[in-house]
Amino acid sequence: MSSRRSRSRQSGGSSEISDAQITDLISKLQQLIPELRARRSDKVSAAKVLQETCNYIKNLHREVDDLSDRLSELLATTDSNSAQAAIIRSLLM
């Protein structure tokens with residue numbers, strides 16, 4: 001057991017997570033991340049799973065920002081009464 005987890009238990013942390021639960025959560029994360037899903041049969045360290053998860057979330061944030069920018073540009077160049085604007089509004093609602 002790591003010293004951090006030992007200290008947490010000694011300090012009265014009531015939300016203890018067992019090693020089995022951590023292993024299960026890491027496995028679930030691995031299944032969610034496309035880069036790791038392909039390597040399902042390979043043993044991947046928990047650190048690698050967490051690193052790839054962080055990278056994946058950062059990429060998702062970038063994609064959201066890019067799509068938001070593109071949508072803003074599209075809305076700025078679209079007549080607010082046009083059929084195209086109505087479709088965009090319906091998708092956003």
Side-chain angles (χ1 to χ4, degrees):
M1 179 178 355
S2 75
S3 60
R4 258 183 289 148
R5 289 180 57 207
S6 297
R7 276 184 259 131
S8 173
R9 289 182 181 178
Q10 291 169 357
S11 66
S14 62
S15 60
E16 295 177 14
I17 299 176
S18 70
D19 288 344
Q21 288 172 313
I22 291 172
T23 300
D24 183 52
L25 291 170
I26 294 293
S27 176
K28 288 177 181 177
L29 268 178
Q30 185 174 355
Q31 293 169 19
L32 292 172
I33 307 302
E35 291 291 320
L36 298 174
R37 198 178 314 141
R39 294 189 249 163
R40 202 170 190 183
S41 61
D42 296 344
K43 279 285 190 187
V44 180
S45 70
K48 180 70 173 173
V49 171
L50 293 173
Q51 181 181 27
E52 290 295 329
T53 300
C54 290
N55 292 338
Y56 184 66
I57 291 170
K58 287 176 189 175
N59 286 334
L60 287 176
H61 278 287
R62 269 188 236 118
E63 284 185 44
V64 167
D65 289 342
D66 290 345
L67 289 171
S68 179
D69 291 343
R70 288 173 55 194
L71 181 59
S72 294
E73 290 171 10
L74 181 62
L75 289 172
T77 61
T78 303
D79 177 15
S80 61
N81 295 322
S82 70
Q84 186 178 22
I87 292 170
I88 292 170
R89 279 193 301 276
S90 72
L91 291 172
L92 295 174
M93 301 296 171

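Val49 places none of its side-chain heavy atoms less than 4.5 Å from the side chain of Ile33. Counting heavy atoms from C-beta on, the side chains of Glu52 and Val44 never come closer than 4.5 Å. Counting heavy atoms from C-beta outward, Leu92 and Leu71 have side chains that approach closer than 4.5 Å.
With sequence neighbours left out, Lys28 forms a side-chain hydrogen bond (donor to acceptor under 3.5 Å, both in side chains) with Asp24.
With hydrogens and angles disregarded, a donor-acceptor distance shorter than 3.5 Å links the side chain of Ser90 to the backbone of Ile87. Counting only distance, with no hydrogens or angles, the side chain of Thr77 and the backbone of Glu73 share a donor-acceptor pair below 3.5 Å. Distance alone, capped at 3.5 Å, places no donor-acceptor pair between the Arg37 side chain and the Gln30 backbone. Side-chain N or O atoms of Thr78 include one that pairs as donor or acceptor with a backbone N or O of Leu74 at under 3.5 Å. In this structure a side-chain-to-backbone donor-acceptor pair under 3.5 Å is present from Ser72 to Ser68. Counting only distance, with no hydrogens or angles, the side chain of Arg89 and the backbone of Gln84 share no donor-acceptor pair below 3.5 Å.
Under the side-chain hydrogen bond (donor to acceptor under 3.5 Å, both in side chains) criterion, the residue pairs touching residues 55-64 are Asn59-Arg62, with sequence neighbours excluded.
Pairing each heavy atom of Ser18 with each of Gln21, the nearest pair is N-OE1, 2.8 Å. Contact between Ser80 and Ala85 at its shortest, heavy atoms only, is O-CB, 3.7 Å.
Here the straight-line distance linking atom CG of Leu32 with atom OG1 of Thr53 works out to 8.0 Å at 0.5 Å rounding.
Residue Leu29 is grouped with residue Leu60 when hydrophobic side chains (ILVMFWY) are merged at heavy-atom distances under 4.5 angstrom, including chains of intermediate members.
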